[in-house]
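Each chain gets a letter, A, B and so on, in the order the sequences are listed, and its residues count up from 1.
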Amino acid sequence: MSIRVRFAPSPTGPFSLGNARTALFNWLFARHHKGTFLIRIEDTDKERSKKEYEEMALSALKWLGIESDEPIIHQSERGDRYAHYVKKLFDTNQAYYCFCTSEELEAEYQAQMSQGIAPKYGGKCRHIKKEDAETRLEKGEQATIRFRMPEKRIAFTDMVRGKVEFDTALFGDIIIAKSLTEPLYNFAVVVDDYETQITHVIRGEDHTPNTPKQIALQEALGFPQVHYGHLPFILGADRKKLSKRTLTSSMLDYKEQGYLASAMINMLALLGWHPEKDREVLTTEEIINEFDMKRVQKAGAVFNPEKLDWLNMAHIKLMSDETLKELLVPHIPPEWKNDKDRLMRVIHLEKNRMRKINEFITNAKLFFELPEYPASLLLFKGTTTHDTESSLKETEQFIKNISENEFNESALNEKIMGIANERGRGMVLWPLRVALSGKEMSPGPIELLTALGKKESLVRIAHAIQKIEGALRDRS
RNA sequence: GGCUCCAUCGUCUAGUGGUAGGACAUUGCCCUCUCACGGCAGUAACAGGGGUUCAAUUCCCCUUGGAGCUACCA
């Protein structure tokens, strides 16, 4: 039988790292086993569900390349399906109307808590006859629908943790719906998973205690049991579940900050899972091939932003210059595109220096516009203005003598390093590099020359020489 | 309180009944005109106590610590 999984977010808040990881593991599991991956929106809570959160989740997933193989289901549109199954439970006397008010229930729970007893519903409405309930409903009384929880031990084999067992007597009769068409989580999940023929439920470990309730419901409705796997949490630095407020916990923020989807997937996959052979930098394709629920960790994992940076850098290096250009183009100033060749040379050079793709704008700016800098910056430590002037002039002459078609890295390296080794490396390379970049810190002079090209390089060197001469004049 | 789960370097993790390995971070060195990249080396962990065993990080129990759940949220 083919594997079918689903990711079922409730659109009640920003889409977090943890949500993304749960979606990813479901998706990886489906892809690895050539199964089907579904997205279902759990928007039964009308108060808290918001369309914007749903859109946020879907676009974050789309960014990661995770999309539903079948049309997306909304629980809010399936009221009649839930009503159908609630009626089935009524017909078999496995559900009943409960007229207790929230105040009554609250008081009951408080009393139990203060006595140190595990709180659960006392069963006050358990024996109200269906006919009596219906007349009360007709009179306009408010009621919820409860499931007669059978008291027994329910065990299941978790794909991550192995055998887990609960005593359902501790749960009491849970509320499964506010009305025929307004189901609550545990009931809606069971119905939808059944109707979409889900075979494996992979979700966060916060759902572990819900699993026996859902199994009891499946048994009551005569549904086959599904396989469960509960994923450990992604934790904040405080080792607590990532809160909604945690900074940049919204997935789309990572995209904005210049992270690659492939790096993000790599990072998320490595939180709680590890390939058999010890490798860290993995393409999505490789992760799909090697993914195995058996290798999923049991303990929660603290998210490490530095490692994400490192992985992002690694994934940038994995990309071709051309692919990187495509990614960069929408973000760069239009005038940078005028000189296509120069742009490509700059991308090639900066590719190995970027941790996040939006760093490109600040890093590459100097190639398109010479920054302002003081003449004093041209002086290598412990050298004189005079020596700097003569060094720059000599370098300028050498560069002028290199023909346009010889203007490449190896030829430049040979010529420039020739002078540098003669006059002293710092004496030659520092002023040249500052003249070309206008910055204290930058790529090396040979790299700058190659990327800028002969013409622009000479303009910048001439500009530097003017600065030096100006400084000399001011002194005399 | 009750129920469930978890426990290897600071972090992510590998691992086995017999020397605890890798990655990020960090430190030092090399490369070098600077900053990155890269290369090399170093610091750093089996929570504690009992068992079982010739031998336990590994298997069992307890303790401790941590997390989740305990809704007319999901």
Side-chain angles (χ1 to χ4, degrees), chain A residues 8-13 42-45 47-49 75 98 100-102 105-106 109 112-120 142-146 158 160-162 164-167 170-172 174-179 182 184-186 188-189 203-212 230 232-233 235 237-241 267 270-281 295 297-311 313 317 350-355 359 363 377 380-381 383 420 424-434 437 439-445:
Chain A
S10 66
T12 53
E42 306 218 318
D43 50 359
T44 49
D45 187 338
E47 309 283 304
R48 299 195 307 148
S49 296
Q75 290 188 327
C98 172
C100 298
T101 63
S102 352
L105 294 171
E106 179 67 18
Y109 282 29
Q112 287 168 331
M113 284 289 259
S114 63
Q115 286 171 60
I117 307 169
K120 71 170 190 184
Q142 290 296 312
T144 58
I145 299 162
R146 285 189 188 269
D158 192 285
V160 177
R161 284 150 222 277
V164 182
E165 198 178 67
F166 286 87
D167 184 356
L170 266 14
F171 302 143
I174 57 167
I175 299 177
I176 54 168
K178 295 184 189 185
S179 74
E182 295 173 292
L184 255 28
Y185 172 74
N186 281 306
V189 164
R203 71 225 307 196
E205 64 174 321
D206 48 338
H207 287 300
T208 311
N210 286 324
T211 304
H230 291 94
F233 286 127
L235 311 170
D238 56 0
R239 295 210 76 91
K240 288 213 164 64
K241 189 180 169 184
M267 181 68 192
L270 253 25
L271 283 173
W273 173 82
H274 199 273
E276 198 167 344
K277 49 186 185 228
D278 216 345
R279 289 206 300 135
E280 308 278 331
V281 182
R295 296 187 65 83
Q297 205 73 18
K298 292 189 188 76
V302 175
F303 179 72
N304 183 195
E306 281 86 28
K307 188 151 183 174
L308 208 215
D309 283 355
W310 176 79
L311 276 173
M313 185 177 67
K317 284 179 181 168
E350 287 295 324
K351 195 169 88 173
N352 291 318
R353 309 173 65 88
M354 271 188 275
R355 290 186 96 79
E359 284 173 359
N363 291 354
L377 190 63
F380 184 57
K381 58 184 177 194
T383 61
R425 289 192 169 183
M427 183 72 258
V428 174
L429 299 176
W430 177 275
L432 176 60
R433 192 180 57 74
V434 172
S437 69
K439 289 186 161 271
E440 189 181 350
M441 295 175 292
S442 79

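No contact: A:H230 has no heavy atom under 4.0 Å from any strand. Counting non-hydrogen atoms under 4.0 angstrom, A:E280 reaches a base of the nucleic acid. A:P232 comes within 4.0 angstrom of no nucleic acid atom, judged by non-hydrogen atoms across all strands. No contact: A:G424 has no heavy atom under 4.0 Å from any strand. Nucleic acid contact for A:P9: none, since no nucleic acid atom lies under 4.0 Å from a heavy atom of the residue. Counting non-hydrogen atoms under 4.0 angstrom, A:Y185 reaches a base of the nucleic acid. Residue contacts for A:E42: at a heavy-atom cut-off of 4.0 Å it reaches the sugar-phosphate backbone alone, with no base atom in range. Backbone-only contact: A:D206 has heavy atoms under 4.0 Å from sugar-phosphate atoms and none from a base.
For A:K178 and B:rC73, the shortest distance from a side-chain N or O to OP1 or OP2 is below 4.0 Å. Residue A:R295 places at least one side-chain N or O under 4.0 Å from the OP1 or OP2 atom of B:rG15. A close approach under 4.0 Å does not occur between any side-chain nitrogen or oxygen of A:W430 and OP1 or OP2 of B:rU34. Within the structure, every side-chain polar atom (N or O) of A:K351 is placed at least 4.0 Å from both OP1 and OP2 of B:rC37. The shortest distance between the side-chain N/O atoms of A:R355 and the OP1/OP2 oxygens of B:rC37 is below 4.0 Å. Within the 4.0 Å cut-off from OP1 or OP2 of B:rC73, not a single side-chain nitrogen or oxygen of A:T44 is found.
Only the C1' atoms considered, B:rC24 is 15 Å distant from B:rU43, to the nearest whole Å. Spacing between B:rG66 and B:rA47 at atom P, rounded to whole Å, works out to 16 Å. Atom name C1', nucleotides B:rG49 and B:rU13: the rounded distance is 27 Å, in whole Å. Separating the P atom of B:rC5 from that of B:rA44 is a span of 36 Å, rounded to the nearest Å.
In the set B:rU4, B:rC33, B:rA25, B:rU4 carries the atom at the smallest distance from any side-chain atom of A:T208. Side-chain atoms of A:Q297 lie closest to B:rU13 of the nucleotides B:rU13, B:rG38, B:rC33. For A:R425, whose side chain is taken as the heavy atoms from C-beta onward, the closest listed nucleotide among B:rC73, B:rG2, B:rC33 is B:rC33. Distances were taken from every side-chain heavy atom of A:D278 (C-beta onward) to each of B:rG38, B:rG21, B:rA74; the shortest belongs to B:rG21. Here the side chain of A:Y109 is nearest to one of B:rG38, B:rA71, B:rC72, namely B:rA71. Here B:rC6 is the nucleotide among B:rA74, B:rU4, B:rC6 with the atom lying nearest to any side-chain atom of A:A299. Taking only side-chain atoms of A:M313, from C-beta outward, the nucleotide of B:rG38, B:rA74, B:rC6 with the closest atom is B:rG38. For A:R353, counting side-chain heavy atoms from C-beta on, the closest listed nucleotide (B:rA36, B:rC33, B:rA74) is B:rA36. You'll find that the side chain of A:F233 is closest to B:rG68, out of B:rG68, B:rC35, B:rA74. In this structure, of B:rC73, B:rC72, B:rA25, it is B:rC72 that holds the atom nearest to the side chain of A:L105.
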### Task
Report the C-alpha separation of A:E182 and A:S179 in whole Å, then their side-chain angles, then the decisive distance to 0.1 Å, and conclude whether the side chain to side chain donor-acceptor pair (under 3.5 Å) test is met.
CA-CA 5 Å; A:E182 295 173 292; A:S179 74; 2.9 Å; yes
### Task
Just do the side-chain contact (heavy atoms from CB on, under 4.5 Å) check on A:T211 and A:R203 with the steps written out, would you?
CA-CA 11 Å; A:T211 304; A:R203 71 225 307 196; 3.0 Å; yes
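Residue pairs that meet the salt bridge (charged side-chain N to carboxylate O under 4.0 Å, His left out) test with at least one member in residues 271-280 of chain A, sequence neighbours left out, are A:K277-A:E290, A:R279-A:E286, A:E280-A:K307.
With both pairing distances under 3.5 Å, B:rC69 is matched to B:rG2 as a Watson-Crick or G-U wobble pair. Nucleotide B:rU34 is matched to nothing when pairs are restricted to Watson-Crick or G-U wobble geometry with both distances under 3.5 angstrom. Partner assigned to B:rU64 is B:rA7, using Watson-Crick or G-U wobble distances below 3.5 angstrom. Look at B:rA41: its Watson-Crick or wobble partner, with both distances under 3.5 angstrom, is B:rU27. With a 3.5 Å ceiling on both atom-pair distances, B:rA14 lacks any Watson-Crick or G-U wobble partner. Across all strands shown, B:rU53 forms no Watson-Crick or G-U wobble pair with both distances under 3.5 Å.
Protein atom NE2 of A:H207 is 15 Å distant from nucleotide atom P of B:rA71, rounded to whole Å. Distance CG (A:L184) to P (B:rU70): 12 Å, rounded to an integer number of Å.
Judged by distance alone, with hydrogens and angles left aside, A:R161 brings no side-chain donor or acceptor close enough to the base of B:rC5 to form a pair under 3.5 Å. Within 3.5 Å, a donor on the side chain of A:N210 pairs with an acceptor on the base of B:rA74, or the reverse. Judged by distance alone, with hydrogens and angles left aside, A:R433 brings a side-chain donor or acceptor within reach of the base of B:rC33, the pair sitting under 3.5 Å.
Counting heavy-atom neighbours within 6.0 Å of A:K120 NZ, excluding the residue itself, gives a total above 12.
With a 4.5 Å cut-off on side-chain heavy atoms, A:W430 and A:E440 count as touching.
Using cut-offs of 30° and 60° on the angle between ring planes, the pair A:H207 and A:Y185 is parallel.
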